Amino acid sequence: MLLKDVSRKPLLWLAAALCMAFAGLAQAAGSPASVEHARIRWLPGDLPLAGYFDLTNTGPRPLTLTGASSTVFGDVMMHRTVHRGGETGMVPVHDIQVRPGQTLHFTPDGYHLMLMGRTRTLAKGDAVPIRLTFSGGRSMDVMFAVRGADMQ
Ligand SMILES: [Cu+2]
């Protein structure tokens, strides 16, 4: 499994992570997707955090995002913010389709990653690796920048 390979090669993983962080754009080899503006809104304590990013389908076929995971969080879910009867809430999402050429914006008022159970202390300025998983068994490792509660 790729996950085990990554943990056995910490230096390689670190190098790849740094490259992605500096490029500000993640494009996994052979993956028909690119991710930009990957960011996390920091909150104190162990409150659930929200992750946002822009996902572009650069391939010729529809792309389905099926989930995300991270060694920095015990649980990562995909959510969508919904408005019903004047109230705002969140619902779990299991599959998100992206058409060829389409860019999907994960935002506070739409799709977002819900990051729960921090495995280490996080601070503004940190970079957090999150693996996005797609149908067909493909995955992509993206570095998310931790921003302040004001998203600056
Ligand atoms: Cu949520």
Side-chain angles (χ1 to χ4, degrees), residues 1-4 6-7 13 16-18 20-28 31-59 61-152:
M1 273 202 37
L2 193 55
L3 207 58
K4 285 178 183 165
V6 165
S7 61
W13 165 233
L18 286 173
M20 283 192 279
F22 286 125
L25 184 145
Q27 176 100 55
S31 171
S34 70
V35 169
E36 288 183 278
H37 310 123
R39 61 212 189 269
I40 291 170
R41 181 176 180 238
W42 181 88
L43 291 172
D46 196 33
L47 288 169
L49 305 181
Y52 309 111
F53 55 100
D54 299 330
L55 172 65
T56 300
N57 180 356
T58 56
R61 281 179 289 278
L63 188 69
T64 304
L65 180 66
T66 55
S69 61
S70 174
T71 56
V72 181
F73 297 96
D75 196 16
V76 180
M77 296 178 71
M78 298 196 295
H79 279 178
R80 184 175 201 170
T81 300
V82 292
H83 304 280
R84 278 191 199 131
E87 299 210 342
T88 300
M90 301 186 288
V91 293
V93 178
H94 301 290
D95 297 289
I96 302 174
Q97 288 248 9
V98 194
R99 297 186 307 274
Q102 183 191 9
T103 298
L104 206 63
H105 301 275
F106 282 64
T107 63
D109 199 40
Y111 292 120
H112 56 273
L113 297 181
M114 209 79 242
L115 310 160
M116 288 159 289
R118 284 170 234 195
T119 59
R120 64 173 171 90
T121 308
L122 292 177
K124 179 178 172 177
D126 285 352
V128 172
I130 295 179
R131 172 165 294 176
L132 303 178
T133 308
F134 301 94
S135 61
R138 281 187 297 240
S139 66
M140 184 176 183
D141 294 318
V142 179
M143 292 305 290
F144 280 64
V146 178
R147 298 208 185 153
D150 57 359
M151 285 308 272
Q152 296 302 302

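Keep in mind it's a predicted model, so treat the numbers as computed, not measured. Counting starts at 1 for both ligands and their atoms, in listed order.
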Polar side-chain atom of S70 near backbone of P129 as donor-acceptor pair, under 3.5 Å:
yes
So the angle subtended at the Cu ion (ligand 1) by M114 atom SD and H112 atom NE2, rounded to 10 degrees, is 110°
Kindly report the SD-the Cu ion (ligand 1)-ND1 angle for M90 and H79 respectively, rounded to 10°.
120°
Give a yes or no on whether T81 keeps an N, O or S atom under 2.8 Å from the Cu ion (ligand 1).
no
If you draw a 6.0 Å radius around CZ in R39, do more than 12 non-hydrogen atoms from other residues or ligands fall strictly inside?
yes
At what distance, to the nearest 0.5 angstrom, does CD of Q102 lie from CG of N57?
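If we round to the nearest 0.5 Å, Q102:CD and N57:CG are 8.0 Å apart.
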Option from V35, T103, L104, T107 for which side-chain contact (heavy atoms from CB on, under 4.5 Å) with D54 holds
T103
